[in-house]
Amino acid sequence: MQEKEGKGQMTNSFIVHGGKKLKGTVQIDGAKNSAVALIPAAILAESQVSIDGLPDISDVHTLYRIIEELGGTVQEDKHTAVIDPSHLVAMPLPNGNVKKLRASYYLMGAMLGRFKKAVIGLPGGCYLGPRPIDQHIKGFVALGAEVTNEQGAIYLRAEKLTGARIYLDVVSVGATINIMLAAVKAEGKTVIENAAKEPEIIDVATLLNNMGANIKGAGTDTIRINGVEKLHGCKHTIIPDRIEAGTFMTLAAACGDGVTIQNIIPEHLEGITAKLHEMGVPIEFGEDSVYIGQAKNLKKVDIKTYSYPGFPTDLQQPLTALMMHAEGSSVITDTIYPDRFKHIAELERMGGRFKLDGRSAVITGPVSLKGASVKASDLRAGAALVIAALTAESETEITGIEHIERGYTNIIEKLSNIGADIEKVTTADVAAQ
Ligand code: EPU
């Protein structure tokens, strides 16, 4: 990493020289959206929980610090954490680290489940338009908790948690997992109907069951939980990150000349595979890997995001960067987050041709992109900018990279290893001097 020292505030950015054909092998890390739920889930155990394969990203490190603030210990190796929650205390967490990530909402379910009370600041994370948590709260209340919002923090208290039948009005990953966390030690039976079916939900249920919980049906739309009195420690290996894998598949389709992506579960990638296939991208699966051949004359495609197993909203932004290189007008519609289009204005600065129409973007291609100074507004917008920059002529500077580093492990190293010209630089902010 290049570092230019100076007075005042420092700005980190990625500098990308596009136009290189990428070739080689990329290793996928553990799933961010599992990791941010598995670590809070460990709070429910009464002895050590060891989780292997964790991604080395800032959201994970922030959660370790929160566990320590609560009196737990975390022995962290690069990809493994041994969490000892036995001495945890029900400390209120209205501010500080909890505000740094959206997934701090899992501390609500986990602490409620363990201590019958919690105070958690309203979560931060990527701004993708309004992101309500009413379904999480509906679940906690059904289990017997009193929930209030006082000065930007959620207060949860319960004399006793009792199993209940909870129908989710919206299919929500966060609410499904949070209700599982609060219900595993509740008295009696909980049924979550219209539950989300994402692989990360199965991963969290697997960890909880290995801790002694009794959860059935994770991965279907009805989850049944029989409450147990105590949970114990265990060892768990996290699933691979299907969104990181999908991002690299898209990137390889945009500027690869033979890229193999390893440590994947092919069944988790059906949505992205189907769409890349329609675009004419050569794809070959191995048992736990996928090879993306050089793609020529990309065809236009229309995409709508849905909850799993539909096309994931988290790959909508990366895909727009590829669609700019397809012949004709493609349409991408985000039914989950209709405001998740902040990357479009940045891609336009690089030469992309877009028309925003409500929750859809029309992308007309193919275009030749030129390097520009662009800013990542959120994690997956950042991934879209990296893909666009790798396919652009000349130099692109991407700021706002703290968003990218929240979700992609060692992205510079992984891209450099397959031939990309990308580096991280730190510069003194001129305005701050
Ligand atoms: N929703 C409600 N009420 C709720 C909860 C959700 O109306 O109480 C709505 C949301 O506004 C959204 C839809 O339901 O329109 C689905 O939201 P969901 O709750 O499933 O999202 P989430 O759990 O907050 C997770 C991922 C996101 C991913 C979404 C959708 C984590 C930590 N985050 O968020 O990941 O986009 O599911 O798949 O698991 C990312 O990785 O970049 C990311 C944003």
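As the structure lists them, so they are numbered: ligands from 1, and atoms in each ligand from 1.
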### Query
Would Arg353 and Glu348 pass as an ion pair if we require N to O under 4.0 Å?
no
### Query
So does Lys424 pair up with Glu405, basic N to acidic O under 4.0 Å?
yes
### Message
If you measure every N or O of Val173 against every N or O of ligand 1, does any of those distances drop under 3.5 Å?
### Response
yes
### Task
Could you tell me how the ring of His136 sits relative to the ring of Phe140: parallel (under 30°), tilted (30 to 60°) or perpendicular (over 60°)?
perpendicular
### Polar contact flag for Asp134 and ligand 1 (N/O pairs, less than 3.5 Å)
yes
#### Entry: Side chain Glu198, main chain Tyr308, donor-acceptor under 3.5 Å
yes
### Ligand-residue contact atoms, ligand 1 with Ile336, heavy atoms, under 4.0 Å
12 (C), 13 (C), 15 (O), 16 (C)
### Message
Check this for me: does any side-chain nitrogen of one of Lys375 and Glu402 sit under 4.0 Å from a carboxylate oxygen of the other?
### Response
no
### Message
So that I can tick it off, tell me whether Lys138 and Asp169 are bridged by a salt bridge, with the cut-off set at under 4.0 angstrom between side-chain N and carboxylate O.
### Response
yes
### Task
Could you establish whether Val171 and ligand 1 come within less than 4.0 Å of each other, counting only heavy atoms on the residue side?
yes
### Task
Output yes when the distance from some N or O of ligand 1 to some N or O of Thr313 is under 3.5 Å, and no in every other case.
no
### Query
Backbone or side chain, does any N or O of Gly174 fall under 3.5 Å from an N or O of ligand 1?
yes
### Task
Under 4.0 Å from a heavy atom of Gln135: give me the atoms of ligand 1 that qualify, with their elements.
3 (N), 4 (C), 8 (O)
